[in-house]
Every structure is written in C-alpha cells, then in structure tokens.
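Just below is one structure, and these are the notes that go with it.
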2 protein chains.
Amino acid sequence: MNERQQQSLMMQAGLRITDQRLALSALLFADEQPRHVTAEEVYDEAKQQGVRMSLATVYNTLHRFTAAGLLREVQVDPGRVWFDTNVSEHHHMYDEDTGQLTDIPAGSLGSVTLPKLKANKQVNRIDLVIRIGTRN
Amino acid sequence: MNERQQQSLMMQAGLRITDQRLALSALLFADEQPRHVTAEEVYDEAKQQGVRMSLATVYNTLHRFTAAGLLREVQVDPGRVWFDTNVSEHHHMYDEDTGQLTDIPAGSLGSVTLPKLKANKQVNRIDLVIRIGTRN
DNA sequence: GTGTTTGCAAAGTGTTTGCAATTTA
DNA sequence: TAAATTGCAAACACTTTGCAAACAC
C-alpha cells in the first residue's frame with residue numbers, strides 16, 4: 001500500500017494526517033504482509049527509523065486506527081495487547097513459548113454456530129486462538 | 001464438592017493444606033456451579049467472609065490451582081486474568097459492555113480442524129471467545 | 001526440624017490521563 | 001483561527017517479587 005492510499009484511508013476515517021500517523025501507517029501497512037505488533041514494538045521500530053514519536057502517541061494512534069477498522073486487537077497475553085493489520089475474518093495460533101502469533105485463515109477450521117442472543121445484543125467479534133507449546 | 005474432596009484434590013496436586021487454600025477452594029468449588037472470578041473478586045469475597053488472606057496469597061494460590069488443573073485461565077480482558085472453575089473443554093461468551101463471562105458447552109459450536117504443527121509442538125489449549133455487546 | 005507457604009510492602013509491567021505546546025485543515 | 005493532535009510525566013490497574021515470620025508435615 002503506498003503513501004497515497006494510506007492517506008486516503010486515514011482521511012476516510014476522519015483522521016487528520018500527521019507525521020506520526022503517516023510514519024506508523026508506513027510501518028504497518030507499507031508491505032501488504034500481515035503484521036502482529038505491540039505498542040512497544042512499533043514504538044521501538046519508529047525510533048530506529050529516526051521517527052520522533054512518544055509512546056502515548058503510539059497508543060493513541062493504534063487505538064484510533066483500530067476504531068477506524070484499520071487494525072484489530074488480539075488478546076492472547078494477559079497485560080499486553082497485540083494489534084493485527086489483518087482485519088479480515090481469521091483466527092490465530094499463539095506459541096506460548098516463543099510468543100509468536102500466526103494467522104489462520106477463516107473457514108479452514110470448520111464452522112461456528114452462534115448461540116442465541118438477546119434481541120438488543122450483537123456479536124462484536126469471535127476470537128479463536130489455538131495455543132501451542134513445546135511437547136514435554 | 002465437600003471439604004474432604006477439596007483436600008484430596010489439593011493433596012493429589014502435591015499442595016499442602018493451609019487455611020487459606022481451604023478457604024479459597026471453599027469459595028470456588030463448594031457449590032458445583034462453574035464460577036468465573038478475578039483475583040481481586042476472590043480476595044474481597046474472602047475478606048467479607050472474615051477469612052484473613054493477603055492478595056499476594058490469592059494470586060499465589062490461584063496460580064497453583066491452575067497449574068494443578070483445578071482452574072483454567074481465561075483471557076478476555078487486557079490487564080486482567082479470569083479464572084474459570086470449569087476446566088472441561090468449553091468456550092466462552094464475553095459481554096464487552098457488562099464484563100459478564102458465560103460458558104458455552106464444547107461441541108455446540110461446530111467442529112474445529114487443527115492446522116498441522118511441527119513435530120515437537122502440541123496444542124495446549126483452544127480458546128474460543130464470542131464477544132458480544134449492545135446493538136448500536 | 002525442614003521445607004513450604006504466608007503477608008507485607010515495594011517494585012514491575014503495560015496502559016491511560018491531564019494539560020500545555022504544537023500542528024492541521 | 002478553531003479544533004485536533006502531540007509529548008511529557010504522572011497516575012493507574014493489575015500482577016509479581018523478596019524476604020522474614022509462621023506453618024505443615
């Protein structure tokens with residue numbers, strides 16, 4: 001995704017174009033490959049590339065991107081949020097030893113039948129995480 | 001589950017019987033109903049019942065119970081671990097508005113086909129969480 | 001008696017907040 | 001110029017740690 005495309009995504013989401021947001025979207029979306037990142041990780045990467053940005057802004061931006069549908073949060077770890085650039089329907093495999101998080105295409109796991117909900121409730125998201133580890 | 005049964009569970013797990021552990025197992029396992037609790041919650045309950053116990057001991061005990069297979073951890077919330085007294089295979093529904101966590105029997109959702117793993121890896125657990133919220 | 005468990009308070013981790021200064025549109 | 005965004009540091013919520021005293025076996 002090129003910079004122009006990234007800009008238009010942000011503008012469509014009603015977000016102002018700032019240096020920091022462009023830098024983050026470059027890190028996250030430049031090569032189309034899905035990425036799983038934590039705030040700290042992105043912050044370090046940005047710093048390495050000489051982009052000046054506070055950690056608070058990283059959090060701020062990641063949340064705004066999430067609200068805009070550009071990212072998806074993944075909870076695999078207590079006390080640590082992962083952000084996934086792949087926002088299409090899919091699942092995850094999480095290696096509890098290495099911390100590595102891998103995408104699994106939706107549909108490759110079989111079907112899910114939803115339970116009945118109260119009329120005023122809706123399904124926000126379905127999280128399916130396969131936790132693996134080294135055989136003991 | 002009566003106190004004798006709770007004791008034998010702990011002893012089988014190689015855990016010494018202490019007042020605090022008995023108090024917690026009473027809170028968690030006395031009526032057979034599945035419970036979803038956080039450390040803070042159990043701590044408050046214990047205090048209400050006049051059981052003297054530090055928060056550190058609650059964490060300590062919950063983790064030992066988990067390691068012993070008496071509890072299962074559930075990650076639905078960043079920065080907050082839930083413990084589930086239902087350790088049999090099942091899934092969860094999580095209401096993002098109220099924080100309420102509900103069990104869903106395994107098998108009621110359809111089948112899951114596992115991806116192939118490296119020879120030295122095994123599946124530790126499968127977490128399936130259906131996140132619901134109020135329709136907007 | 002020996003080794004485990006407890007309690008306390010302090011430290012740690014990841015995240016959020018308040019607010020003045022800066023920047024965008 | 002008005003409104004949004006940033007950076008900083010302080011505050012936060014939850015969890016873990018270190019160590020002496022208490023306890024189980």
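Judged by distance alone, the side chains of A:Asn120 and B:Thr134 never bring a donor and an acceptor atom under 3.5 Å apart. Side-chain contact check for A:Asp103 and A:His36: at least one donor-acceptor pair (N or O, by modelled atom type) lies under 3.5 Å. Remark: the A:Asp127 side chain and the A:His92 side chain contain no N/O donor-acceptor pair separated by less than 3.5 Å.
At whole-Å resolution of the value, NZ in A:Lys47 and P in D:dG7 are 12 Å apart. Per the geometry, CG belonging to A:Leu55 stands 14 Å off C1' belonging to D:dA10, to the nearest Å. Rounded to whole Å, the distance from CD on A:Glu40 to P on C:dT15 is 8 Å. The separation between B:Tyr43 atom OH and C:dT6 atom C1' is 13 Å, rounded to whole Å. With rounding to whole Å, B:Glu41 atom CD is found 11 Å from D:dC14 atom P. Remark: P of D:dA3 and CZ of A:Arg16 are 10 Å apart, rounded to the nearest angstrom. What separates CD1 of A:Ile17 from C1' of C:dT23 is a distance of 13 Å, to the nearest Å. The interatomic distance linking B:Arg52 (CZ) with C:dT5 (C1') rounds to 14 Å, in whole Å.
For B:Thr38 and D:dC14, the shortest distance from a side-chain N or O to OP1 or OP2 is not below 4.0 Å. Taking only side-chain nitrogens and oxygens, B:Gln20 never comes nearer than 4.0 Å to OP1 or OP2 of D:dC23. An OP1 or OP2 oxygen of C:dT6 is reached within less than 4.0 angstrom by a side-chain nitrogen or oxygen of B:Arg21.
Ring geometry for B:Phe29 versus B:Phe65: interplanar angle of 30 to 60°, hence tilted.
Considering only heavy atoms from C-beta on, B:Tyr43 stays 4.5 Å or farther from B:Thr38 through its side chain. Put simply, the side chain of B:Tyr94 does not reach to within 4.5 Å of the side chain of B:Ile130, judged on heavy atoms. In this structure the side chain of B:Arg125 reaches within 4.5 angstrom of the side chain of B:Arg72, judged on heavy atoms. Two residues are said to be in side-chain contact when any heavy atoms from C-beta on lie closer than 4.5 Å; B:Gln48 and B:Asp44 fail this criterion.
In terms of position along DNA chain D, the nucleotide closest to B:Trp82 lies nearer the 5' end than the nucleotide closest to the other residue of the pair B:Asp19 and B:Trp82. Take the nearest nucleotide of DNA chain C for B:Gly14 and for A:Ala39: the residue whose nucleotide is more 5' is B:Gly14. Toward the 5′ end of DNA chain D lies the nearest nucleotide of A:Ala56, the other residue of the pair A:Ala56 and B:Ala56 mapping further downstream.
Against DNA chain D, the stretch residues 57-80 of chain A makes heavy-atom approaches under 4.0 Å through A:Thr57, A:Asn60, A:Arg64.
Of the residues listed (A:Glu41, A:Gln20, A:Met53), the one engaging A:Val58 in a side chain to side chain contact (heavy atoms under 4.5 Å, CB included) is A:Met53, and it is the only one.
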Pairs under 3.5 Å (Watson-Crick or G-U), crossing ones as [ ], inter-strand ones as |: DNA chain D comes out as ||||||||||||||.||||||||||

